[in-house]
Colleague: 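This is the structure, below, for whatever I ask next.
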There are 2 protein chains.
Amino acid sequence: MYSIQDVSGRTGLSTHTLRYYEKEGLLSPVSRTPGGFRQYTDEDLEALGLICCLKNTGMSLQEITRFVRLTRQGDETLRERVELLREHRESVIQRMNEMQKYLEKVTWKLNFFSEKLRAYEDLKARQEQ
Amino acid sequence: MYSIQDVSGRTGLSTHTLRYYEKEGLLSPVSRTPGGFRQYTDEDLEALGLICCLKNTGMSLQEITRFVRLTRQGDETLRERVELLREHRESVIQRMNEMQKYLEKVTWKLNFFSEKLRAYEDLKARQEQ
DNA sequence: TATTGACTTAGAGTAAACTTTAAGGTTTAC
DNA sequence: GTAAACCTTAAAGTTTACTCTAAGTCAATA
């Protein structure tokens, strides 16, 4: 069992964000101590891991919420969930390919400017002589 | 020479966004017809290409604006621009590596659910018999 | 027992990057 | 020559994902 503070440390999400996610339905209601404090289970941490994974690959909180709701509805929704993940996976791959291309352009520009800088500094050095 | 509409079509940016970028200083003031209409040059298109490249690799408009301003200041700022691009390149590579790891997790989850779906449908088929 | 940190709800505030609206002027195709 | 299409600026509005504040109560630790 983990306090909200523990979970914040482990996930890198602020306590505000953790409560916000729960309120928005990204995370099932977390169990409480008799006094009403949140007690996160290993399962909750696992769920948060998947949420972060989806979020960090560009899925919107809205879509993640949809996925989580489907999960809660049980095996009836397996097909839909598989479909959702498959589409997400494709879009991530596509985005990574795009990124790769953009990265090549950045690298090209960087080399171009590096070369220009070298020439410029050579020139300055010669002028100072 | 290209109208704002042409450029919108070529870049995928809306005419609103093109004007917004110019107003915000991401793009140097575009030349005009006698009537005041924007006339984009090939150079402008080139500049927009770099802007989109940086934006699509996660650079904020603020940072892009900084980069563009440095470019306008000439060779004095070459070192700074090289530094900026180098740092950006590193951050893109790091993000891509992270994405790769997250993608593996998504793939794993997808396979897990696919298998579960297969088992579930088998079960249903057997029940229907 | 005092202090620190947790809890609640509700709602306001923030930042980025657009996106739309308002009110009007310019071009061009028929 | 006129209507449709396209242009202008300035400013307000939208969306996403938080982030913070308020105001009051409860729990745990030194």
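Proteins get letters first, then strands, A, B, ... in listed order; numbering begins at 1 in each.
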Colleague: Please tell me which of B/Q62 and B/T33 maps to the more 5' nucleotide of DNA chain C, matching each residue to the nucleotide holding its nearest heavy atom.
Modeller: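 The residue mapped nearer the 5' terminus is B/Q62.
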Colleague: I want to check one thing: is the phosphate of C/dC18, taken as OP1 and OP2, less than 4.0 Å away from some side-chain N or O of B/R19?
Modeller: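 No.
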Colleague: Measure the shortest side-chain to side-chain distance between A/L45 and A/V7 over non-hydrogen atoms and say whether it is less than 4.5 angstrom.
Modeller: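 Heavy-atom side-chain distance check passes, below 4.5 Å.
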Colleague: Whole-Å distance between D/dT15 C1' and A/L61 CG?
Modeller: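 Distance, rounded to whole Å: 12 Å.
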Colleague: Just to confirm, is there a sub-4.0 Å distance from OP1 or OP2 of D/dC20 to any side-chain nitrogen or oxygen of A/Y20?
Modeller: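 So the side-chain polar atoms of A/Y20 never come under 4.0 Å of the phosphate oxygens OP1 or OP2 of D/dC20.
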Colleague: Taking the side chain of B/Y21 as heavy atoms from C-beta outward, which of C/dC18, D/dC7, C/dG5 is closest to it?
Modeller: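 Nearest to the side-chain atoms of B/Y21, counting from C-beta on, is C/dC18.
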Colleague: Taking the nucleotide of DNA chain D with the closest heavy atom to each, which residue, B/H16 or A/K23, is nearer the 5' end?
Modeller: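 First, find each residue's nearest nucleotide; the 5'-ward one identifies B/H16.
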Colleague: Measure CD/B/E22 against C1'/D/dT9 and give the value in whole Å, please.
Modeller: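 Whole-Å distance recorded here is 12 Å.
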Colleague: Begin from the C-alpha positions of B/V106 and A/V92 and carry the test side chain to side chain contact (heavy atoms under 4.5 Å, CB included) through to its verdict.
Modeller: CA-CA 10 Å; B/V106 169; A/V92 173; 5.8 Å; no
Colleague: For A/E24 and C/dG11, what is the distance between atoms CD and C1' respectively, to the nearest whole Å?
Modeller: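 Result: 13 Å.
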Colleague: Hey, mind stepping through A/E63 and A/R66 against salt bridge (charged side-chain N to carboxylate O under 4.0 Å, His left out) and telling me if it holds?
Modeller: CA-CA 5 Å; A/E63 277 182 297; A/R66 198 185 136 218; 5.7 Å; no
Colleague: Given that B/S3 and A/K55 both sit by DNA chain D, which one's nearest nucleotide is further toward the 5' end?
Modeller: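 The answer here is B/S3.
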Colleague: If I take atom CE in residue A/M1 and atom C1' in nucleotide C/dA6, what distance separates them, rounded to the nearest angstrom?
Modeller: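 Going from A/M1 (CE) to C/dA6 (C1'), I get 17 Å.
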Colleague: Between C1' on C/dC7 and CZ on A/R38, what's the gap in Å once rounded to a whole number?
Modeller: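 Whole-Å distance recorded here is 8 Å.
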Colleague: Side chain of A/Q5 only, heavy atoms from C-beta on: which candidate in C/dA6, D/dT19, C/dT19 is closest?
Modeller: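 Of C/dA6, D/dT19, C/dT19, C/dA6 is nearest to the side chain of A/Q5.
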Colleague: Considering only D/dT19, D/dT8, D/dA27, which nucleotide approaches the side chain of B/I4 most closely?
Modeller: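 Given the options D/dT19, D/dT8, D/dA27, the side chain of B/I4 is closest to D/dT8.
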Colleague: Between atom CD in B/E63 and atom P in C/dA15, what is the gap in whole Å?
Modeller: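 Spelled out: CD on B/E63 to P on C/dA15 is 16 Å.
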Colleague: Whole angstroms only, please: what is the CG-P distance between A/L18 and D/dA17?
Modeller: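 Rounded to whole Å, this separation is 16 Å.
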Colleague: Check every strand shown and say whether B/S60 touches a base, only sugar-phosphate, or nothing at a heavy-atom separation below 4.0 Å.
Modeller: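 Sugar-phosphate, no base atom in range.
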Colleague: Starting at the 5' end of DNA chain C, which residue's closest nucleotide do you reach first, B/L13 or A/G35?
Modeller: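 Here A/G35 is the residue nearer the 5' end.
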Colleague: Given B/S28, which partner from the list B/E22, B/R72, B/E43, B/R69 fulfils the side-chain hydrogen bond (donor to acceptor under 3.5 Å, both in side chains) test?
Modeller: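 Single pass found, and it is B/R72.
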Colleague: Flag the pair B/Y21 / B/K55 as yes when at least one side-chain heavy-atom distance between them is below 4.5 Å, and no otherwise.
Modeller: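 Yes, close enough: below the 4.5 Å cut-off.
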